[in-house]
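One structure is given below, encoded as structure tokens.
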Amino acid sequence: MKFDVELTALVEVFGSVKIVKEVVNGQRKVSQSEAESLPKFFNDHYSALSLTALDFEH
């Protein structure tokens, strides 16, 4: 599944564009709190989804 999400939109989850880029580029792992925030972000923006923190844990 492909999502068209602007990196700047993920700042509300990660706190900065720098951290978003590091996560997207595989230079940084998603923290537990971020893994808990990501499902809400994607579920709110894509109503067909039903994600949980387990979907984002490493």
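For reference, positions follow the sequence shown, starting with 1. Only a predicted model underlies this, so the values are computations on that prediction, with no experimental measurement involved.
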**Report entry** Enclosure of E6 CD (heavy-atom neighbours >12, cutoff 6.0 Å)
**Finding:** no
**Report entry** Atom pair NZ/CG of K21 and L7 - distance to nearest 0.5 Å
**Finding:** 7.0 Å
Query raised in the report: What pairs of residues pass the side-chain hydrogen bond (donor to acceptor under 3.5 Å, both in side chains) test when at least one of them lies in residues 9-20, not counting sequence neighbours?
Result: K18-E22
Query raised in the report: Where do V11 and V20 come nearest, in terms of heavy atoms and distance?
Result: N-CG2, 4.0 Å
Query raised in the report: Would you call L38 and L10 a side-chain contact if the rule is heavy atoms closer than 4.5 Å?
Result: yes
Requested in this report: Apply side chain to side chain contact (heavy atoms under 4.5 Å, CB included) to K40 and list each qualifying residue two or more places apart in sequence or on a separate chain.
Outcome: D44
Query raised in the report: Among all residues two or more places apart in sequence or in another chain, which pass the ring-ring contact (aromatic ring centres under 6.0 Å, His included) test with F41?
Result: H45
Query - Minimum-distance pair of heavy atoms, taken over all atoms of E34 and K29 - result: OE1-O, 4.1 Å
Query raised in the report: When rounded to the nearest 0.5 angstrom, what is the spacing between CZ in F14 and OG in S37?
Result: 8.5 Å
